[in-house]
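Here's the structure, in structure tokens; my notes come after.
Per chain, numbering begins at 1; letters A, B, ... match sequence-line order.
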Amino acid sequence: MEHIGFGAFSYDLAHLLGAVVLVLSFALLSQARVTSVINTYALQAWALAAAAGWQGWVQHAPHLYITAALALFAKGIVIPIALHGIVTRLRISRGIDTALGIFPTMALGVMLVALSILVVLPTTIQSQALTREDLATALSVVLLGLLMMISRRTALTQVIGFMSLENGLILAAVGVEGMPLVVELSVAVLVLVAFVVFGVFFFRIRAQFDSLEIRHLDRVGGAHR
Amino acid sequence: MSGTALPLLAAIAALLLALGPVTAVTGSRIAGWGVLVLCCLGALIDLGFLIGGARPQSLTLAIGLPGLDSVLALDGIAAFFALLLFLVGAAAGAASLERAAGAASLERHGPLSATAPALPVFVGAMVVTLLAADAFSLVAGFELMSLASFALVLSDHRQASVRVAGLLYVGMAAISGVCLIAGLAALSRYGIGFAAMRAHPPEGLRAVLVLVAVLIGAGSKAGLAPLHVWLPPAHAAAPSHVSALMSGAMTKVAIYVLVRVLFDLSGPAQPLWWGLPLLAMGIASAVLGALRANLETDIKAILACSTVENVGLVAIGLGLGLAARAADISALASLAIGAALLHAMAHGLFKSLLFLAAGAVQHGAGSRQLKNLGGLIRRMPYAAGALLLGAACLAGLPPGAGFAGEWMLFQSMIAAVRLGGLGLQIVVCILAAALALATALAAAAAVRLVGIVLLGRPRTEAAAQAHDAAPPLRWAMLGLGIVVVLIGLVPAGVLGLAGPALRMLGNTDMAGRAGWTGIAAQENAAGYAPLEIAALLVLAALLVAAVLRARAVAGHRTGPAWDSGFGAAPAWLANGDPLTQYGGASFSQPLRRVLGPALLGATETVDMPEPGDIRPARFSATTLDPAERWLFAPVARLRQHLSGVADLLQFLTVRQSLAVIFTALVAFLGLIALLEQI
């Protein structure tokens with residue numbers, strides 16, 4: 001791969017796609033309805049697929065196309081459809097119960113992005129510009145996923161936060177040249193497993209407590225004082 | 001001789017370590033004999049090495065950490081401490097034979113058989129610690145020493161107090177091990193061998209880390225205040241020959257580690273204030289230990305507290321030596337370090353003698369409590385002789401072994417005003433006064449010990465029927481006693497043996513200042529002449545005896561005498577009511593009232609019933625070591641608080657747990673970002 005930097009088309013497009021994933025992370029945080037959260041997650045998966053595909057093209061690494069396809073079909077189509085099914089079948093309330101208001105969450109998210117830029121850019125001075133920017137974006141996506149997990153009360157949004165976090169990991173993985181495919185495959189499989197586990201989880205909670213709010217789980221953890 | 005000393009000593013260490021498993025199979029007698037024979041051999045080899053000029057030797061062994069060889073080395077410092085260790089080890093080995101003989105029928109199952117294998121391992125581990133020339137061997141030897149002595153302390157584990165003492169001991173040993181490893185790791189930047197450490201002495205913050213970690217690590221093992229709290233109970237709980245090894249040898253091995261790291265490995269270029277922590281800890285140990293020795297009621301606890309005091313004296317000498325070396329006054333440095341080494345040797349030997357005598361008293365009179373003893377000088381002449389000799393040294397009486405070192409210490413303290421400006425001089429003056437207080441208190445403790453245990457009437461039937469020590473213990477006490485008397489009479493001989501160490505540590509030795517005629521603080525100055533003093537004392541004694549004999553009335557007559565408040569003995573107790581005698585508690589009461597409230601938090605409560613009430617009046621006096629109040633209790637409270645906080649984590653909700661992880665991650669990233677900005 002020839003040197004790429006600011007102004008090169010390959011760099012700009014990769015940067016743009018990474019930024020789209022990041023913006024969609026913010027969009028995830030700001031959604032007020034469960035269905036729109038699922039749709040936004042699907043959009044993020046598509047953007048990730050596009051980013052992975054573009055990286056495969058730029059790096060002349062055909063295996064990244066597999067990653068892109070996985071992201072597109074598994075996360076962009078199958079999982080959102082399944083989640084929609086869950087929402088309908090369980091008759092989950094369509095609103096989202098937030099632990100932290102939308103605006104404070106967004107403000108916190110901006111701070112997290114600033115933090116990841118502050119962390120990644122100085123530590124990776126020797127690396128290529130693309131890798132550095134990409135890593136900063138990916139770390140932001142990971143942190144925003146975590147933030148989503150802790151700022152939303154329902155189990156479904158937590159699962160989506162977790163999968164969005166995982167999108168960040170894939171974004172980091174495809175941005176680094178020479179990352180072996182095994183990692184991506186295992187990560188993708190991990191998501192599916194997690195999805196299945198959480199799916200079982202929903203039904204369990206639902207059957208047990210007639211609700212998907214995770215505070216009903218607190219008593220199980222011994223948190224009765 | 002000098003070329004083969006190190007391999008021979010290493011072989012002795014290996015044999016001692018191997019003797020442990022062998023003892024476990026064959027029974028405990030072989031441990032005592034093995035330790036006795038091997039330590040005698042080791043002492044001879046070591047003496048030969050020291051007299052032969054102590055040219056440093058080293059030996060590389062292909063065992064140890066993966067990929068790294070272990071290095072053993074022998075030089076003047078290690079050989080000096082090894083000599084003390086071998087002498088004490090031989091006496092302890094012989095004394096353990098008495099225990100084994102006493103329980104001959106129970107040899108396989110007796111109370112001591114379970115821990116007998118730990119005795120040779122304990123001695124062997126100390127030899128390894130002294131011979132080690134890399135950080136790993138040193139730590140391995142030190143920790144093995146801690147573990148083996150922990151096992152030995154628990155010999156009598158059926159008593160709850162022994163178990164408590166053992167737990168406290170092993171806890172402190174763990175802390176000291178952690179700190180020692182940290183200190184040596186800070187030194188091991190360019191390799192774990194001592195040669196590499198010497199080539200790159202620590203500087204700045206790293207040097208401070210080394211100083212603090214080693215002071216805690218080795219200082220707590222040596223029993224320096226404020227980390228001495230474990231020492232009195234542990235030394236009192238162990239069997240006597242083990243107490244002798246712990247007080248006489250193990251504290252000195254810890255001192256050796258202090259000397260090795262602070263003087264040798266940290267290089268000579270450390271600043272003057274490096275001596276101050278040692279001075280402060282030393283003076284605190286000396287005063288506290290001596291005061292507590294006056295208040296304890298268990299004879300072995302008295303001896304253990306006095307060990308704290310004497311280790312403090314050694315630390316003062318070392319602190320002065322460090323400061324003097326930093327100020328480049330090598331004559332003063334060698335005087336102070338010489339005082340420390342001489343006192344370490346003398347104390348190691350006479351304290352072992354005292355512990356063996358205490359063991360004989362416990363065995364013969366059935367108790368270690370002062371209130372149960374008394375009048376033993378008639379029933380136990382051998383043990384009484386050992387106790388008298390040891391107590392004379394403890395009190396620092398002139399021809400005794402304890403005096404020379406303390407005298408040199410005072411001389412170096414007085415000379416230390418040359419080290420710095422007015423501030424330092426004031427500190428030195430205060431320290432000198434505190435040192436004087438400590439030695440006076442130690443003398444009082446020695447008088448109390450001898451007076452209550454040996455003199456007066458027996459306070460119990462068991463004490464009245466006491467039997468003297470068995471032959472192996474007698475021989476052990478006799479041997480130690482001879483060495484102690486020799487050290488007392490010719491302290492310059494010890495200083496001569498310490499010469500190679502002094503040249504390494506303080507750049508110059510005591511040559512020209514110490515000789516057959518005595519020791520002087522400076523060349524051609526008046527000094528301390530023990531042989532002459534002993535001769536004068538003998539002469540005076542002979543004169544008194546002659547006068548008494550000449551002026552004595554022929555024959556003797558019996559008449560009524562003032563009986564010093566003893567009163568007639570009641571019919572049910574042949575020896576008189578013990579409560580009419582001056583006892584240990586009464587002897588210490590004035591000191592407890594004067595110094596106790598300020599230094600030991602002593603309280604007295606009198607519970608006086610109202611008139612007409614028939615319950616007895618009660619008087620209780622308690623003391624609490626300041627280290628326990630100001631250091632251990634707060635640390636325990638902090639631990640309790642932290643565990644309470646950690647306990648909260650268990651009750652977090654799922655989302656809160658995630659939030660904790662998230663916050664930790666963000667804080668970590670923030671720290672990285674912050675460090676990059678700086």
### Message
Take a 6.0 Å sphere around CH2 of W273(B) and say whether it holds more than 12 heavy atoms from other residues, nucleotides or ligands.
### Response
yes
### Message
So which atom in G670(B) and which in L115(A) form the shortest heavy-atom distance, rounded to 0.1 Å?
### Response
CA-CD1, 3.6 Å
### Task
Determine whether more than 12 heavy atoms belonging to other residues, nucleotides or ligands lie under 6.0 Å from atom CG of L205(B).
no
### Query
In terms of heavy-atom contacts, does CH2 of W46(A) have more than 12 from other residues, nucleotides or ligands at under 6.0 Å?
no
### Query
Does a sphere of radius 6.0 Å around CZ in R33(A) hold more than 12 heavy atoms from other residues, nucleotides or ligands, not counting ones at 6.0 Å or beyond?
no
### Task
For residues L146(A) and V666(B), determine if any side-chain heavy atom of one lies less than 4.5 Å from a side-chain heavy atom of the other.
no
### Query
Closest approach of A659(B) and I150(A), non-hydrogen atoms and distance?
N-CG2, 3.5 Å
### Message
Between L112(A) and chain B, with a heavy-atom cut-off of 4.5 Å, which part of the residue counts as in contact: side chain, backbone, both or neither?
### Response
side chain
### Task
Working to the nearest 0.5 Å, report the span between OG of S151(A) and CG of L658(B).
11.0 Å
### Message
Please determine whether the number of non-hydrogen atoms from other residues, nucleotides or ligands lying under 6.0 Å from atom CZ of R189(B) exceeds 12.
### Response
no
### Query
Where on L665(B) is there a heavy atom nearer than 4.5 Å to chain A: the side chain, the backbone, both, or neither?
side chain
